[in-house]
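Treat the numbers as computed from the prediction; the structure is a model and nothing was measured.
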Amino acid sequence: MRTTPSPLLALQQARRHLLEHGHCPTGLVDERLARSWRRSMAAGLAPAGRAAADLPSPGELREAMACNHSLLTHSRPIMEYLFDQVRHSHSVVVLADRAGMLMHTLGSPGFVDKAERVALTCGASWHESHRGTNAIGTALAEGTAVEVHGGEHFLERNSFLTCAASPILSATGELLGILDISGDHRNGHSHTLGLVSTAARMIENRLLVATCKRHIRLHLHREPEGIGSVAEGVLAVSPDGWIVGANRAALAQLGLRRDDVGATPLAQVLDARLDDLLSHHRRRPQQPLPVRERGGSLLFALVQVDAALWPGARSADSAGALRLPAQAMADASAPPADALAQLDTGDARWRAAADKARRVAGKPIAVLIQGESGVGKEVFARALHASSPRQGGPFVAINCAAIPENLIEAELFGYVPGAFTGARKQGSPGRLREAHGGTLFLDEIGDMPLALQTRLLRVLQERSVTPVGGSQAVPVDFALVSATHCQLMQAAEQGRFRQDLYYRLNGLTVQLPALRERSDFLPLTERLLADLTSEQALPQPAQLAPELIAPLAAYPWPGNLRQYASALRTACALLAEGEDTITWSHLPDDLQHALHAAQTAPIAPSAGHGHQEAARSELPAARPVTTLPGVAVLHAAGGAGASAVSPLNLQQLSRTAIDQAVQAAGGNMSQAARTLGISRQTLYRKLAARQDAAHP
């Protein structure tokens, strides 16, 4: 009986046969490896020989880095994340360009010396013709993800390595580079190839978004919660309706090949008109829309489009493609990546407030920020200052509720030497003069005493400050931003706040939503945890345990962002060494109690909503909460009375309740979902299921 040789013996036999006869016997090694060995021999390499390439000059390396600037920029953050996952595995994360030249490396200290001995350093070429069979060079040659272990390397001096590499492709399928993890072959892991392939997909998605800013983007997934994840499909669509870019997930979802990019109209793969998608985006920019691909499967699509594309947009042609004038396309640019944009985690109301404030930044218009305590009014004000032409000047924040009334006048307006007992000998310029050339932020302006309101009004009118005890007015120039948690207009009507000052402060009023009203709970959480990573010197960002997401998202957070950030800060501090997942045990006791109480709280039925109350037995009954992309937040509260309703009648009641809620909300799905007591995603699924039933 013929015995199958061990993998190591088969490798040795195949290599010996290759050297003696110029080819490998069939079946001993993978055909892809055999092809790579033959290419290595054809390049004139010998297994016991050395690499055939020298390092480039510093000037050549700089030129190569400049040519790959975009690839480097979008790969570095992902490489850092990837390295965190393999930090203790004696390995190095490597980025190579399309020619196999190494552009960037991140290595474990204990492995770097070994890596450098075989030129796993920036500037070295790992093309197959220079280094023989290796994951980087072979992935380049084969155009697919590969692993090369130990003795599979053509050069014997590289046999101590185990390598996994994946190509990085552009939106049009062009090979841009290779992402690789190389390590000691004794520490190889079966999941490394999957890890590096996923990271390469993340880089591809970042590059697609960055390079397709001038096009309409469709983010696709079979579940609305999948949009925004690494598994989402992303299409770039030209204004006349042609697919001009796609990531791998989108190609797979729509059954397309790389050659189809640039040669396929959107209408050929999706049963949806582009102008309908864009119209939906204008009405509800953060709401995924159910669409069908031509094969009949249901997808959810979220449209992303540069605001600069909208001016000058014309009506769609008969094929459903939106036509834009060429000038509008030429002038399109990415939204400003300013400090406000960096705080934007996807909530439409917050973004609308930021967009309005951004438009008046640098103009002589006072901004009044309203919102509950803890929503981040001062953070918003600081970001507005950093996004304005005055960003180089001072940002002076004054909490009008925190300064004693007998000191607030001197604090604001300053004083001359000897103005009062206890005054400093040199006097004080006051906070208003300190803000000269920058931004003055008056927090809790509604708590300012009436007498000081009069003096502040005079400063705003005359743009000059007279210090306490002085007679000489000093000119001041600052942008004014105020904030309050109370309704100033109502206070003015009741005589508790000067109406003329209110109108001076109220050049533009923006309302920041409470945390319970925001639709971006998950990305907001990720940003807060990322901020805490550096604040608490954590080795990597913490994450929430899956069972915590729904209770935290559903909790009303009376202290808003301030309370939530404080809870996360405490939870991160309670993480033990090596832990990176926040669980129930890491939450403060009072918060645990509050979350459990909220989950088990009974729901009082509302009068006059019989259809809705009956429908909730099927939907099921729930406490209305703010929903978020990626999480369906639903707290069942029992289904009393459901047994008295037949399934058919119950389904009809459910459909009626949904129709009435959507109609009453004027098509606002979030409001309709809150009325029904279900998540927005659940509402989408139910509507999609009805479409499936109507169009089998």
Side-chain angles (χ1 to χ4, degrees), residues 53-84 92-107 112 115-116 119-127 130-131 135-137 139-141 143 145 165-182 196-215 217 230 234 236 238 244-248 258 261-262 304 306 308 329-339 341-342 344 387 530:
D54 296 323
L55 291 174
S57 68
E60 291 171 333
L61 179 57
R62 283 195 299 270
E63 182 178 353
M65 302 275 277
C67 291
N68 290 280
H69 174 74
S70 181
L71 175 65
L72 278 163
T73 299
H74 294 285
S75 297
R76 281 191 179 109
I78 305 301
M79 292 178 69
E80 290 171 2
Y81 170 80
L82 185 60
F83 179 61
D84 281 342
V92 59
V93 179
V94 181
L95 176 70
D97 69 4
R98 70 189 74 192
M101 182 187 289
L102 306 196
M103 296 282 101
H104 186 50
T105 63
L106 291 171
V112 168
E116 289 179 347
L120 269 173
T121 56
C122 284
S125 171
W126 278 75
H127 193 279
H130 299 145
R131 306 276 170 183
I136 294 172
L140 281 173
S166 178
I168 299 170
L169 305 180
S170 73
T172 56
E174 177 187 7
L175 179 63
L176 299 177
I178 299 290
L179 185 66
D180 167 86
I181 296 178
S182 294
V196 77
S197 296
T198 299
R201 300 301 85 78
M202 295 168 69
I203 295 171
E204 290 176 348
N205 289 353
R206 288 168 60 92
L207 284 165
L208 188 152
V209 171
T211 57
C212 294
K213 290 175 180 176
R214 298 178 182 273
H215 296 103
R217 295 196 313 276
V230 70
V234 185
S238 66
V244 294
N247 69 353
R248 302 184 196 218
R258 281 289 171 192
V261 175
Q304 295 289 334
D306 189 335
M329 287 297 296
D331 292 341
S333 59
D338 56 21
Q342 292 170 18
D344 186 351
S387 305

### Task
Check the pair L208 / R217 against side-chain contact (heavy atoms from CB on, under 4.5 Å), numbers first and verdict last.
CA-CA 9 Å; L208 188 152; R217 295 196 313 276; 4.2 Å; yes

Which distance, rounded to the nearest 0.5 Å, do you find between the [atom1] of [X] and the [atom2] of [Y]?
| X | Y | atom1 | atom2 | result |
| --- | --- | --- | --- | --- |
| E204 | L207 | CD | CG | 8.0 Å |
| E60 | E63 | CD | CD | 8.0 Å |
| I178 | L102 | CD1 | CG | 11.0 Å |
| I203 | H74 | CD1 | NE2 | 10.5 Å |

Considering all heavy atoms of both residues, which atom of [X] and which atom of [Y] are nearest to each other, and what is their separation?
| X | Y | result |
| --- | --- | --- |
| P77 | R206 | CG-NH2, 3.6 Å |
| P167 | R248 | O-NH2, 3.1 Å |
| D180 | A165 | OD1-CB, 3.7 Å |
| V93 | M79 | O-CE, 3.7 Å |
| A200 | I168 | CB-CG1, 4.2 Å |
| L179 | V196 | O-CG2, 3.5 Å |

Non-hydrogen side-chain atoms of [X] and [Y] separated by less than 4.5 Å:
| X | Y | result |
| --- | --- | --- |
| E174 | L169 | no |
| T121 | T105 | no |
| S182 | L120 | yes |
| H104 | S75 | no |
| V92 | I181 | no |
| M65 | C122 | no |

### Query
So does R258 have more than 12 non-hydrogen atoms from other groups sitting under 6.0 Å from CZ?
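Atom CZ in R258 is packed in, count exceeds 12.
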
Determine yes or no for a side-chain-to-main-chain donor-acceptor pair under 3.5 angstrom, with [X] supplying the side chain and [Y] the backbone.
| X | Y | value |
| --- | --- | --- |
| N247 | V234 | yes |
| N68 | L72 | no |
| W126 | A119 | yes |

### Query
So L106 and L82, side-chain contact (heavy atoms from CB on, under 4.5 Å) or not? Walk me through it.
CA-CA 10 Å; L106 291 171; L82 185 60; over 6 Å; no

